[in-house]
Amino acid sequence: MEGPSLVILSEELKSFVNKRVLDVSGNSKQDILRLCGRKIKEIKSWGKHLLIRLDKFSVRIHFLMFGSYRINEKKDSAPRLSLACKDGEINFYSCSVSFIEEDIDEIYDWKIDIMSDEWDEKNIRQKIKKGKNSMVCDVLMNQNIFAGVGNIIKNEVLFNLHLHPETLIKDLSSRQIKDLVKEARDYSFKFYEWKKIYELKKHWQIYRKSKCPRCGFPVKIKPTGKGMRRSFYCTGCQVKYKK
DNA sequence: TATAATGTTTGAAC
DNA sequence: AGTTCAAACATTAT
């Protein structure tokens, strides 16, 4: 689940804010019973984290690759964490649950969350320029730079910029780095809009495609970078730049 | 049915 | 001591 999906989830959970947790269950190994009786003060996301701030501490949910949730519904499988409030319940499945004792505003840097109002392009450009020998595919997936960007966004952004995923940062011009930061942000908001109307897959141009929509060349699939996450790229129009 | 995939943490090995 | 990397975790559509 990528950043924009977490923003959608936080919005779907708005009605739980200012509600008290009346019942807790789930197969999480954490001490989830401490949630019982606590009041939900705020629900927001940072990157791929869902953050539920309560009156005494916060809960962090990470969906990793397979996590899912249901609001006022249940799946057949056992929830990792289930929270019941007065007028509804939230069920989280196969996700990572952890507690945060500190004030989340102290430990999360909102300026690097791709969906945040505090997103700071200049700051991101500076961070990117520190890793001259990194590949652009790794930089986009780096949660300490582009918190919330996942493999779909990575592939689509690189396609839109005509960039080969293995291009090194030192081979990009300042202009290209500026465009990279801008496009990652812009595409994430398109992702958000499309996902809300269930049209996400419809707009994929390169991710899981076999033929380039721009030039008709075959799409190459290759695990790239240190992360070795799958890159889908056009063998014709996504070039490895040399400054 | 086997495979692959919107991801990260952990801890062993070097 | 710092880096690297495989393993673990876990689900479901194709």
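Letters A, B, ... are given to chains in the order of the sequence lines, protein chains preceding strands, and every chain is numbered from 1.
No path of Ile, Leu, Val, Met, Phe, Trp and Tyr side chains, each step under 4.5 Å between heavy atoms, connects A:I61 with A:M115, placing them in separate hydrophobic clusters.
Nucleotide C:dA10 forms no Watson-Crick or G-U wobble pair with any nucleotide shown, as no partner meets the under 3.5 Å limit on both distances.
Distance A:L6 CG to B:dG7 C1': 12 Å, rounded to the nearest Å. Nucleotide B:dG7 holds its P atom 15 Å from the CZ atom of A:F146, rounded to whole Å. Atom pair A:L81:CG and C:dA10:C1' shows a separation of 17 Å (rounding to whole Å applied). The distance between atom CZ of A:R80 and atom C1' of C:dT11, rounded to the nearest whole Å, is 11 Å. Look at CE on A:M228: it is 10 Å from P on C:dC5, rounded to the nearest Å. Between the CZ atom of A:R208 and the C1' atom of B:dT3 there is a distance of 12 Å, rounded to whole Å. With rounding to whole Å, A:F92 atom CZ is found 18 Å from C:dA10 atom P. Atom CZ in A:R229 sits about 17 Å away from atom P in C:dC5, given to the nearest Å.
With distances taken from any side-chain atom of A:F66 to the nucleotides B:dT9, C:dA10, B:dG7, the minimum falls on C:dA10. Here the nucleotide nearest the side chain of A:K226, chosen from C:dT4, C:dA10, B:dG7, is C:dT4. Residue A:N151 places its side chain closer to B:dG7 than to any other of B:dG7, C:dA10, B:dT8.
C:dA13 and B:dT8 are spaced 22 Å apart, taking the C1' atom of each and rounding to whole Å. Distance check on atom C1': C:dT12 versus B:dT9 gives 23 Å, rounded to whole Å.
Checked for salt-bridge contact, A:K41 and A:D55 miss the test: no charged N lies under 4.0 Å from a carboxylate O.
For the OP1/OP2 pair of B:dT8 and a distance below 4.0 Å, the side-chain nitrogens and oxygens of A:Q143 include at least one atom meeting the criterion.
For the pair A:M65 and A:K201, both in contact range of DNA chain C, the more 5′-proximal nearest nucleotide belongs to A:M65. In this structure, A:E2 and A:H49 both approach DNA chain B, and ranking their closest nucleotides by distance from the 5' end singles out A:E2. Mapping A:L64 and A:K75 onto DNA chain C via the closest heavy atom, the residue that lands nearer the 5' end is A:L64.
Residue A:K29 is classed as having no contact, given no heavy-atom separation below 4.0 Å to the nucleic acid.
For the pair A:K44 and A:W110, the cation sits on the ring face: its NZ or CZ lies under 6.0 Å from the ring centre, inside 45° of the axis. Seen from the ring of A:F159, A:R214 counts as a face-on cation partner, given the 6.0 Å and 45° thresholds. Geometrically, A:R34 engages A:F57 in a cation-pi contact defined by less than 6.0 Å to the ring centre and at most 45° from the axis.
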